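These notes are about the structure you will find just below.
Computed from a predicted model, the values in this text were never measured in an experiment.
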Amino acid sequence: MKRRVLPGFGLSLGYVMAWLGLIVMLPLAALVFKSSTLAPSGWWALLSAPRTLAALRLSFGGAVLAAAVNVLAGLLVAWVLVRHRFPGRRVFDALVDLPFALPTAVAGIALTAIYAPEGWLGRYLEPMGIKVAYTPTGVVMAMIFVGFPFVVRTLQPVLESMEREVEEAAASLGATRWQVFFRVVLPLLLPTLLTGFGLALARAVGEYGSVIFIAGNIPRVSEITPLLIVEKLEEFNYAGAAALGVTMLLLSLLLLLLVSLLQRASRRWELPR
């Protein structure tokens with residue numbers, strides 16, 4: 001009998017499948033089953049309602065925008081932390097993880113205290129016609145806050161492992177700094193950037209605690225889908241809440257699938273180079 005390379009593979013695989021089934025698949029199956037109790041007409045009435053469409057648009061549109069901003073800002077911060085040495089670098093590096101440790105409700109209260117009309121910055125922005133709190137802009141700001149560390153921590157190990165000789169060779173051949181970055185460094189970082197984008201996107205889509213305080217929760221203006229689900233639960237409309245949950249699940253899977261396809265395409269494009 002041929003021995004397996006990995007001892008205990010069958011037992012390990014069974015344990016992993018059982019764990020994933022209990023923790024991931026069973027709750028999702030219960031969610032889908034509960035949503036199936038809603039009639040097709042109920043599904044259509046729920047998903048076609050202007051309030052639902054506005055909430056979905058804000059949740060996913062804001063999450064995509066926040067993830068895109070985090071990719072740009074996260075790349076800059078990760079580059080500075082890895083490639084430069086300066087006083088206070090370790091403190092700055094530790095502050096990146098603050099959104100991980102900070103309770104989301106505390107983050108929402110802090111953002112509201114800053115950007116509310118009477119807040120530290122809001123009192124100066126309000127006279128200029130710039131409103132952040134209780135608007136979609138505030139929702140995006142909260143999403144940026146919670147998703148930022150994912151991009152930085154995804155990029156840092158890759159930047160640290162990159163060989164500087166490739167950049168030096170390109171520079172010795174006459175390439176400018178911008179050419180080295182866009183033609184040498186960026187193609188190597190593209191799969192990792194997409195990974196960070198996907199993580200920040202997933203975090204922002206499901207965010208609740210930090211958003212509801214700064215959003216103001218105005219229907220069809222600054223209301224996110226998770227809050228709409230909570231309201232359905234408070235109304236004992238469990239089938240409607242489950243239907244919204246399944247809708248968010250499907251849209252999130254489609255977005256993550258698109259990001260995964262882009263990652264594969266970027267790797268294939270990188271190989272011939």
Side-chain angles (χ1 to χ4, degrees), residues 59-102 107 111 137 139-207 210 251-273:
S59 292
F60 286 91
V64 171
L65 179 59
V69 172
N70 277 328
V71 165
L72 297 176
L75 175 59
L76 177 61
V77 171
W79 184 275
V80 171
L81 290 176
V82 172
R83 294 298 180 90
H84 300 280
R85 296 293 181 268
F86 53 91
R89 174 178 168 274
R90 292 186 177 181
V91 176
F92 186 55
D93 186 43
L95 289 176
V96 173
D97 293 326
L98 187 60
F100 284 143
L102 196 65
L111 291 172
T137 304
V139 174
V140 175
M141 289 290 295
M143 291 178 174
I144 291 173
F145 179 82
V146 298
F148 175 71
F150 289 91
V151 180
V152 177
R153 294 311 185 208
T154 303
L155 284 170
Q156 272 186 298
V158 179
L159 284 172
E160 290 172 352
S161 63
M162 287 181 61
E163 297 180 357
R164 300 289 295 272
E165 289 79 5
V166 179
E167 302 172 42
E168 295 172 357
S172 66
L173 294 175
T176 63
R177 291 185 176 181
W178 286 108
Q179 289 175 330
V180 171
F181 178 78
F182 283 105
R183 297 188 179 184
V184 178
V185 177
L186 191 58
L188 296 175
L189 290 178
L190 188 56
T192 308
L193 284 172
L194 290 173
T195 300
F197 177 86
L199 292 173
L201 175 65
R203 182 69 177 88
V205 166
E207 181 56 26
S210 63
L251 291 175
S252 300
L253 288 176
L254 287 176
L255 284 174
L256 293 178
L257 178 61
L258 178 61
V259 172
S260 178
L261 292 176
L262 290 175
Q263 283 180 313
R264 292 188 179 184
S266 65
R267 291 191 182 99
R268 292 175 182 174
W269 178 78
E270 178 186 342
L271 288 177
R273 295 173 65 88

Report all side-chain donor-acceptor pairs from residues 145-158 shorter than 3.5 Å, counting only partners two or more places apart or in another chain.
from   : atom 1 : to     : atom 2 : distance (Å)
Arg153 : NE     : Asp97  : OD1    : 2.8
Arg153 : NH1    : Asp93  : OD1    : 2.8
Arg153 : NH1    : Gln156 : OE1    : 2.3
Arg153 : NH2    : Asp93  : O      : 2.6
Arg153 : NH2    : Asp93  : OD1    : 3.4
Arg153 : NH2    : Asp97  : OD1    : 3.2
Arg153 : NH2    : Asp97  : OD2    : 2.9
Thr154 : OG1    : Phe150 : O      : 2.5
Gln156 : NE2    : Asp93  : OD1    : 3.4

Roughly how far, to the nearest 0.5 Å, is the CZ atom of Phe197 from the CG atom of Leu255?
-> 7.5 Å
Salt bridge (charged side-chain N to carboxylate O under 4.0 Å, His left out) contacts in which one or both residues fall within residues 70-84, not counting sequence neighbours = Arg83-Glu167
List in chain and number order the residues that pass side-chain contact (heavy atoms from CB on, under 4.5 Å) with Gln179, two or more places apart in sequence or in another chain; answer none if no residue qualifies.
-> Ala175, Thr176
Validation: residues 60-77 side-chain donor-acceptor distances under 3.5 Å, sequence neighbours left out:
from  : atom 1 : to     : atom 2 : distance (Å)
Asn70 : ND2    : Ala66  : O      : 3.3
Asn70 : ND2    : Ile144 : O      : 3.3

What residues form a ring-ring contact (aromatic ring centres under 6.0 Å, His included) with Phe181, not counting sequence neighbours?
-> Trp79
Do Leu81 and Leu159 come within less than 4.5 Å of each other through their side chains, counting heavy atoms only?
-> no
So, does Arg85 use its side chain to make a donor-acceptor pair with the main chain of Val82 at under 3.5 Å?
-> yes
Which residue pairs pass the salt bridge (charged side-chain N to carboxylate O under 4.0 Å, His left out) test when at least one of the two sits in residues 187-206, sequence neighbours left out?
-> Arg203-Glu207
Got a second to check how far Leu256's CG is from Leu199's CG, nearest 0.5 Å?
-> 9.0 Å
Polar side-chain atom of Ser260 near backbone of Leu257 as donor-acceptor pair, under 3.5 Å | no
Can you name the closest pair of heavy atoms from Ser172 and Ala169 and give their distance?
-> OG-O, 2.6 Å
Compare all side-chain heavy atoms of Leu251 with those of Val205 and state whether any distance is below 4.5 angstrom.
-> no
